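On a predicted model such as this, the values are computed, not experimentally measured, just so you know. What you see below is based on every heavy atom in this structure, not just the backbone, and it leaves out hydrogens, waters and symmetry mates.
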Amino acid sequence: MSDIKQHFPDRPQFSGFMKPCRMEGEVSQLEVYGTIPPEIDGVFYRVMPDPQQPPFVEDDPWFNGDGNVSAFRIQHGRASFRQRYVRTEKFVREHEAQRALIGKYRNRFTDAVEFRVRSTANTNVVFFNGRLLALKEDSPPYAMDPRTLETQGLYDFDGQLPSLTFTAHPKFDPATGEMLCFGYEARGDGTPDVCYYRVAPTGEFTEVVWLVAPVLAMIHDFAVTDNWVVFPLIPQVCDIERMKQGGEHWQWSPETPLYLGVLPRRGARPSDVKWFRYKNSFPGHTANAYEDEQGHLVIDLGLSETNVFFWWPDAQGRAPEPSSIVSRLVRFTVDPHAEEDLSLPEPRILHQGNSEFYRIDERFATQPYRHCYFDLMDPQLGTDFASIAPKLGGGFPLYNALAHFDIVAGQTEIYFPGRTHLVQEPVFIPRGDSAPEGDGYLLALVNNYETMASELHLLDTRDFTRAQAKILLPVRLRQGLHGSWVDRRDLGPLAV
């Protein structure tokens, strides 16, 4: 027992606000300052990597923790909170062993035991066909009860899931209810296979297409239009032999271009995919995509000129200084009928700010849109970095404001939550079914480094620069990744 760690490593990713929470529970009525409008009726789900056990890898990345799902129920101007871990195979077996059993991030060769499915289920949580799905892109989803957050088990869509992996960023067509998905390294670690599939609202798979990527690289997010899907390949590359020797799954490759794989959304054959190239750079999360009047694909996403995942350097150990990394919202315009493997023109910078975690009014997904919301880092806003620096912890990008960008007008509104606050990813809530695009509310979890507790800030898009309501939590929730707003009508009766 002496070799089992009884505390977390003395590393930034396990200290300050990033100290693991390791908490499950519920609070029936949260403190609310301000007013929650009565038309807001639903649940905000989000997930954070939250290690149950101290890792045996000393410098384990912060997002290798167990998925811990939060559900914020909002109804009648009140808010409640429930939180539960996803009972993955990893979680259950480590709980029984009372120690960490998984080794390096996505490297099964470093594990203490062999796992059937190695998922942490910690990257995103979405609602589909009556189930809450906790997602990690190296494995199938885990299904949860959306009311109780009880884990129902590994979910393979009743035996239909064709690949070993499933994206953390499925897309939903608001007109049809269809879910568009893919898996990369779809035949297992170190394989270049990409599997694309369409899923009907009732859960039936309607199309499966197997592709081979030009390079064995990460594909975190993707883009969907009415007639096309686009796969951005991040130049973080995998080498199975490196993994067998105990190395990292991913390594930055400065020689590798950014690829955009373009495939017809319906009726595609493997030979239909086209791989467009752009200079070495890091594509982040997608805001939206659509087709313009000329039939060209318009793809809006975050783009950085350097390696955003600095903790995975290149073969020479080179990585950018974290504070120097800048991601901007850009627009690629691609002719899907152009000759294959054509180098892309320079994207147009839509917004100059250092930004990420883009969200839109999802009713306009796959279609031309005007309003984009995101996290923004603007050092000029007045954040007291000197006082909060000792409490930050580390391992994640910092954003100190929420932004609303009107793409058509080129105008930006900024919500600054306070000198001792940083923001996490927002979600958009429409004011009503018939409300115009962007008319509604923005909801985001906010880190308060003075109180060392978490808050939910609710903004009205008609008065974006001030909070409509602040909902205080009696706990600290470390940095999360992604989440979803689900309307009560979709969920049915709730008891959160």
key: Thr412 versus His351, side-chain donor and acceptor atoms under 3.5 Å   = yes
ask   = Between Gly438 and Thr461, what is the shortest heavy-atom contact and its length?
value = O-OG1, 2.9 Å
message = Does any part of the side chain of Leu477, heavy atoms only, come nearer than 4.5 Å to the side chain of Leu445, both counted from C-beta?
response = yes
query = Does Thr151 offer a backbone N or O that forms a donor-acceptor pair with the side chain of Asp145 under 3.5 Å?
reply = no
task = Provide the closest heavy-atom pair for Ala365 versus Asn288 in the form atom of the first, atom of the second, distance.
result = CA-OD1, 3.6 Å
request  = Answer yes or no: does atom CZ of Arg93 have more than 12 heavy-atom neighbours from other residues, nucleotides or ligands under 6.0 Å?
outcome  = yes
ask   = When you measure from the side chain of Asn307 to the backbone N and O of Ala319, does any donor-acceptor pair fall under 3.5 Å?
value = no
ask   = Between Glu248 and Lys104, is there a salt bridge with N-O shorter than 4.0 Å?
value = yes
message = Do Thr123 and Val47 make a side-chain contact, defined as non-hydrogen atoms from C-beta onward lying under 4.5 Å apart?
response = no
ask   = Only one of Trp275, Phe222, Phe276 clears ring-ring contact (aromatic ring centres under 6.0 Å, His included) with Phe231; which?
value = Phe222
inquiry  = I want to check something: taking the side chain as every heavy atom from C-beta on, are Leu297 and Leu260 in contact at a cut-off of under 4.5 Å?
reply    = no
message = Quick one about Tyr197 and Gln160 (side-chain donor to acceptor, distance below 3.5 Å, no hydrogens or angles considered), yes or no?
response = no
inquiry  = Counting C-beta onward and ignoring hydrogens, is there a side-chain heavy-atom pair between Leu303 and Arg328 closer than 4.5 Å?
reply    = no
inquiry  = Has Arg359 got a side-chain atom pairing as donor or acceptor with Ala287's backbone, closer than 3.5 angstrom?
reply    = no
inquiry  = Side chains of Gln13 and Arg11: any donor to acceptor distance under 3.5 Å?
reply    = no
ask   = Between Arg22 and Gln53, is any side-chain donor less than 3.5 angstrom from a side-chain acceptor?
value = no
request  = Decide if atom CD of Glu114 counts as having more than 12 heavy atoms of other residues, nucleotides or ligands within a radius under 6.0 Å.
outcome  = no
ask   = Taking the six-membered ring for Trp, is the centroid-to-centroid distance between Phe8 and Phe14 below 6.0 Å?
value = yes
query = Just by modelled atom types, is the Ser253 backbone N or O under 3.5 Å from a matching donor or acceptor in the Asn280 side chain?
reply = yes
inquiry  = Using every non-hydrogen atom in the two residues, find where Pro201 and Thr176 come nearest and quote the distance to one decimal.
reply    = CG-O, 3.2 Å
ask   = So, Phe428 versus Tyr373, ring centres under 6.0 angstrom or not?
value = yes
message = Taking Asp138 first and then Arg118, would you say they form a salt bridge - that is, a charged N and a carboxylate O separated by under 4.0 Å?
response = no
Over all atoms of both residues, closest heavy-atom pair of Pro51 and Pro20 = CG-CG, 3.7 Å
ask   = Between His220 and Gln236, is any side-chain donor less than 3.5 angstrom from a side-chain acceptor?
value = no
key: Any donor-acceptor N/O pair, Asp221 side chain to Thr286 backbone, under 3.5 Å   = yes
task = Identify the heavy atoms of Asp60 and Gly103 that sit nearest to each other, and give their distance.
result = OD1-O, 4.2 Å
Arg131 (side chain) donor-acceptor with Val126 (main chain) under 3.5 angstrom = no
ask   = Is the closest side-chain heavy-atom distance between Gln479 and Asn447 below 4.5 Å?
value = yes
key: side-chain hydrogen bond (donor to acceptor under 3.5 Å, both in side chains) evaluation trace for Asp226 with Tyr290   = CA-CA 7 Å; Asp226 192 31; Tyr290 61 91; over 6 Å; no
key: Arg478 side-chain N/O to Met18 backbone N/O, donor-acceptor pair under 3.5 Å   = yes
Ring centroid separation His285 to Phe357 under 6.0 Å = yes
task = Using the ring of Trp210 (Phe, Tyr or Trp, six-membered ring only), decide whether Arg187 places NZ or CZ under 6.0 Å from its centre and within 45 degrees of its axis.
result = yes
query = When His249 is tested against each of Met218, Arg242, Glu185 for side-chain contact (heavy atoms from CB on, under 4.5 Å), which residue passes?
reply = Glu185
inquiry  = Could you check whether any side-chain N or O of Gln251 sits under 3.5 Å from a backbone N or O of Val237, counting only pairs where one atom can act as donor and the other as acceptor?
reply    = no
message = Whether Arg108 and Asp111 form a salt bridge (side-chain N of Lys/Arg under 4.0 Å from carboxylate O of Asp/Glu) is what I want to check.
response = no
Arg198 bridged to Asp173 by N-O distance under 4.0 Å = no
query = With a 4.5 Å limit on heavy-atom distance, are the side chains of His371 and Asp361 in contact?
reply = no
task = Go through the side-chain N and O atoms of Ser139 and Ser119 and say whether any donor and acceptor fall under 3.5 Å apart.
result = yes
ask   = Without hydrogens or angle criteria, can the side chains of Ser70 and Gln83 be said to hold a donor-acceptor pair below 3.5 Å?
value = yes
remark   = One should read off an interatomic distance between Gln52 CD and Cys21 SG, to the nearest 0.5 angstrom, of 13.5 Å
request  = Verify whether one side chain among Glu425 and His482 offers a donor that lies under 3.5 Å from an acceptor in the other.
outcome  = yes
Arg266 and Glu207 ion-paired at < 4.0 Å = no
query = Val43 versus Phe72: any side-chain heavy-atom pair under 4.5 Å?
reply = no
ask   = Is a side-chain donor or acceptor of Asn400 paired with a backbone partner of Leu422 at a separation under 3.5 angstrom?
value = no
inquiry  = Do Val86 and Phe91 have side chains that approach each other closer than 4.5 Å (heavy atoms only, starting at C-beta)?
reply    = no
task = Answer with yes or no whether the side chains of Asp375 and Tyr358 bring together a donor and an acceptor at under 3.5 Å.
result = no
query = Rounded to the nearest 0.5 Å, how far apart are CG of Asn354 and CZ of Phe374?
reply = 10.5 Å
ask   = What residue among Ser327, Ser304, Pro232 forms side-chain contact (heavy atoms from CB on, under 4.5 Å) with Phe282?
value = Ser304
ask   = How long is the span from the SG atom in Cys372 to the NE2 atom in His404, to the nearest 0.5 Å?
value = 8.5 Å
ask   = Among side-chain atoms of Tyr184 and Glu137, is any donor-acceptor pair under 3.5 angstrom?
value = yes
query = Would you find a donor on one side and an acceptor on the other, under 3.5 Å apart, between the side chain of Asp193 and the backbone of Ala186?
reply = no
ask   = Does a side chain donor of either Tyr399 or Ser355 reach within less than 3.5 Å of an acceptor in the other side chain?
value = no
task = Answer yes when Glu362 and Lys171 have at least one side-chain N-carboxylate O distance shorter than 4.0 Å, and no when they do not.
result = no
task = Not counting sequence neighbours, list each pair that qualifies as a ring-ring contact (aromatic ring centres under 6.0 Å, His included) and has a residue in residues 127-157.
result = Tyr155-Phe157, Phe157-Phe166, Phe157-Phe205
ask   = Does Trp312 have its ring centroid less than 6.0 Å away from the ring centroid of Tyr105?
value = yes
request  = Specify the closest pair of heavy atoms between Thr110 and Gly246, including all atoms of both residues, with the distance to one decimal.
outcome  = CG2-CA, 4.0 Å
task = Verify salt bridge (charged side-chain N to carboxylate O under 4.0 Å, His left out) between Glu150 and Arg82, making sure each step is shown before the conclusion.
result = CA-CA 11 Å; Glu150 295 274 352; Arg82 174 171 288 169; over 6 Å; no
query = Are Arg363 and Glu437 ion-paired here, with the side-chain N under 4.0 Å from a carboxylate O?
reply = no
ask   = Are any of the side-chain nitrogens in Asp433 or Arg489 under 4.0 Å away from the carboxylate oxygens of its partner?
value = yes
task = State, without any angle test, whether Glu291 and Thr225 hold a side-chain donor-acceptor pair at a distance under 3.5 Å.
result = yes
